[in-house]
Amino acid sequence: LINGTNQYQFITPLPVLDLIAVGKLRPLAVTSTTRLPALKDVPTIVEQGFPQLVMQDWVGLLAKSGTPADVMARLNAAISKALASGAVRDALARMAAEPAGGSPDEFGRFVKSQIAHWGKVVREAGIRMPHQQ
Amino acid sequence: VDFVQRGHRDGLQHLEHLQPALQASDGIGMRHWASLHDFAAGFHVPEGIVPAAGINRRFALRGSCRGNISCTVQLQEAIVRNRPASSVCRFTLSFLTAAAVLPDAQAEPYPRGPIRIIVPSAAGTPPDIVTRIIANELGQSEGWQTVIENKPGAIQTIGIAEALRAPADGHTLVAIAQSSAVAPALLPGIGFRLDIDLAPIIKLTSSHHVLVVHPSVAANSVPELVALLKSQPDKFTFSSGGFGTPAHLAGSSSWRLVCASLMFPIGRSRRPLPT
């Protein structure tokens with residue numbers, strides 16, 4: 001993108017904040033419903049009339065099924081606490097990520113909804129892997 | 001099999017269920033057992049145990065988990081004596097599985113050692129950084145030792161499969177990102193179900209993307225870029241971090257619907273950063 005081979009890209013904010021600041025890349029929109037603190041001058045994609053392009057990236061932690069319930073609860077509790085710590089929140093804010101949290105059930109339902117959502121997008125847009133094209 | 005018949009005679013009907021269980025216990029404990037020349041030495045049996053079949057006894061496997069199962073010292077010795085090495089391994093694994101699912105299994109302190117967190121993305125990518133931030137905090141607040149392993153590739157499925165080869169004891173975790181939820185649609189042949197074979201612990205972060213253009217592109221807004229792409233569909237391409245990544249999906253799905261069919265190259269995952 002920087003050398004002009006490609007002309008546009010959706011990308012996580014972290015690696016391009018500096019490049020935007022020095023004018024090597026021009027930001028057109030953020031894919032959230034509200035503006036990002038790190039890029040507060042950049043309008044959202046919704047503001048520009050493309051709500052269908054809102055997209056959330058996420059990270060979550062899982063274990064192999066069958067892991068003892070007390071271990072799962074211990075992990076959830078410890079990580080919930082970690083996500084609430086000031087140091088973690090600061091570090092995440094610097095990379096323009098928001099702390100999530102919640103129960104294992106909530107995350108499980110979210111993962112299922114994401115599988116369904118992206119399955120639909122892939123089918124409707126006809127996206128295929130290179131070897132299938 | 002002698003010990004199953006013997007167990008039945010003594011009222012241990014569930015012993016026959018141990019055999020199906022061993023079929024599914026891939027990888028469990030193999031690492032612990034491979035280094036033991038004398039399998040019997042791996043059993044620690046409390047003194048005073050009554051060596052009679054059919055009585056639940058607590059046992060411990062060295063380097064492994066603890067629980068109650070229905071087998072005795074004699075039974076274990078019989079297995080060690082009469083079975084070839086590989087069978088010993090497999091029978092032992094089945095006991096281990098049974099121990100883990102029995103309701104009266106005694107809770108062990110957790111963790112018993114380093115927690116391995118597999119990140120199916122390259123070092124330096126957002127999922128990797130998020131995981132390291134959390135792992136660092138767990139070290140400080142809980143005193144937990146974590147080891148992060150980057151196993152990128154095949155839309156995160158290589159790393160996830162690696163996590164599934166480890167025992168289900170909470171000492172191997174996997175930090176997945178959004179693209180793993182796309183993998184089932186793009187890779188129908190993957191050998192696991194994200195929503196069945198893995199158990200959710202917690203969602204760590206959410207984040208959003210920014211649409212950037214090269215300064216030479218004559219567009220200052222999304223509608224202007226769309227107009228440009230529609231008028232000259234062959235002239236513009238976008239880049240992404242690889243198939244299934246958010247950038248690839250955003251570029252090829254919604255845009256394909258909004259605009260015309262667009263060409264795009266396959267980006268390689270960024271070169272791993274030193275960690």
Side-chain angles (χ1 to χ4, degrees), chain A residues 1 4 6-13 16 25-32 39 48 50 52-53 55-67 70-71 74-76 78-79 82 85 88 91-92 95-100 102 104 107-108 111-112 114-115 118-119 121-122 125 127 129, chain B residues 107 110 126-127 129-130 133-134 137-138 141-142 163-164 168-170 173-178 181-182 184-186 194-195 197-217 221-223 225 236-239 243 246-247 250-254 256-257 266:
Chain A
L1 187 63
N6 303 301
Q7 290 77 43
Y8 65 100
Q9 176 166 7
F10 290 87
I11 192 167
T12 51
V16 294
L25 292 174
R26 185 188 308 138
L28 296 191
V30 289
T31 66
S32 47
L39 290 166
Q48 303 187 57
F50 295 89
Q52 70 271 39
L53 297 187
M55 191 180 62
Q56 186 192 138
D57 194 5
W58 50 269
V59 181
L61 202 62
L62 302 94
K64 188 174 177 176
S65 284
T67 301
D70 57 328
V71 171
R74 181 94 178 81
L75 281 163
N76 181 277
I79 295 163
S85 93
V88 167
L92 293 177
M95 59 177 296
E98 296 160 26
F107 181 43
V111 169
K112 281 197 174 110
Q114 284 279 294
I115 294 169
W118 288 111
V121 169
V122 166
I127 303 171
M129 294 296 285
Chain B
Y110 175 87
I129 300 171
V130 166
I133 290 171
I134 299 295
E137 179 66 21
L138 290 174
S141 61
E142 308 286 333
L164 289 174
D169 60 4
L173 311 176
V174 59
I176 66 168
Q178 175 263 357
V182 189
L186 284 174
L194 198 58
D195 52 342
D197 297 315
L198 289 160
I201 296 169
I202 194 166
K203 186 179 171 187
L204 298 177
T205 57
S206 63
S207 59
H208 292 85
H209 284 205
V210 55
L211 170 60
V212 288
V213 296
H214 189 268
S216 67
V217 176
S221 70
V222 179
L225 178 64
F236 296 97
T237 56
F238 72 90
S239 39
F243 269 82
S252 53
S253 63
S254 309
R256 205 175 271 190
L257 301 177
I266 306 165

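In what follows, every chain begins at residue 1, and chains take the letters A, B, ... in the order their sequences are listed.
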For the CG atom of D57(A) and the OG atom of S206(B), what is their distance to the nearest 0.5 Å?
9.0 Å
Side-chain (K64(A)) to main-chain (L164(B)) donor-acceptor, under 3.5 angstrom
yes
If you count heavy-atom pairs within less than 4.5 Å of chain B, which of V30(A), I115(A), V111(A), V59(A) leads?
V59(A)
Kindly say whether P99(A) contributes a backbone atom to a donor-acceptor pair with the side chain of T205(B) at under 3.5 angstrom?
no
Winner by heavy-atom pair count (cut-off under 4.5 Å) against chain A, out of V174(B), D195(B), D197(B), L173(B):
V174(B)
Hey, mind stepping through I133(B) and L92(A) against side chain to side chain contact (heavy atoms under 4.5 Å, CB included) and telling me if it holds?
CA-CA 8 Å; I133(B) 290 171; L92(A) 293 177; 3.8 Å; yes
What closest approach, in Å, do S65(A) and A168(B) show between heavy atoms, and which atom pair accounts for it?
O-CB, 3.6 Å
Greatest number of heavy atom pairs closer than 4.5 Å to chain B - which of P27(A), A29(A), P13(A), A97(A):
A29(A)
Close side-chain approach of I176(B) and W58(A), heavy atoms under 4.5 Å:
yes
Scanning both residues in full, the closest heavy-atom pair of A185(B) with W118(A) reads CB-O, 4.4 Å
Is T31(A) close to L211(B) at the side-chain level, that is, under 4.5 Å between some pair of heavy atoms?
no
S85(A) OG to I134(B) CD1 distance, which is reported to the nearest 0.5 Å
7.5 Å
Audit row: Q114(A), Q178(B), side chain to side chain contact (heavy atoms under 4.5 Å, CB included) steps and yes/no:
CA-CA 8 Å; Q114(A) 284 279 294; Q178(B) 175 263 357; 3.7 Å; yes
Testing L75(A), I79(A), L62(A) for side-chain contact (heavy atoms from CB on, under 4.5 Å) with I202(B), which one passes?
I79(A)
Proximal component of A96(A), with respect to chain B [non-hydrogen, under 4.5 Å]
backbone
Using non-hydrogen atoms and a 4.5 Å limit, figure out which bit of L39(A) sits close to chain B: side chain, backbone, both or neither.
side chain
Considering only heavy atoms from C-beta outward, does the side chain of T12(A) approach that of H208(B) to under 4.5 Å?
no
State, to 0.1 Å, how close F107(A) and P200(B) come at their nearest heavy-atom pair, and which atoms those are.
CD2-CB, 3.5 Å
Taking every heavy-atom pair that is under 4.5 Å apart, which of S216(B), S141(B), S207(B), P184(B) has the most such pairs with chain A?
S207(B)
Part of V16(A) within contact of chain B (heavy atom distance under 4.5 Å):
side chain
In terms of heavy-atom pairs under 4.5 Å, which option from V217(B), I201(B), L138(B), L194(B) contacts chain A the most?
I201(B)
Can you tell whether the side chains of K203(B) and E98(A) come within less than 4.0 Å, N to carboxylate O?
no
Given side chains that start at C-beta, do those of R74(A) and E142(B) come closer than 4.5 Å, heavy atoms only?
yes
State whether the side chain of R26(A) and the backbone N or O of P215(B) hold a donor-acceptor pair below 3.5 Å, judged by distance alone.
yes
Please determine, among V88(A), L61(A), N76(A), L25(A), the option with the most heavy-atom pairs under 4.5 Å with chain B.
L61(A)
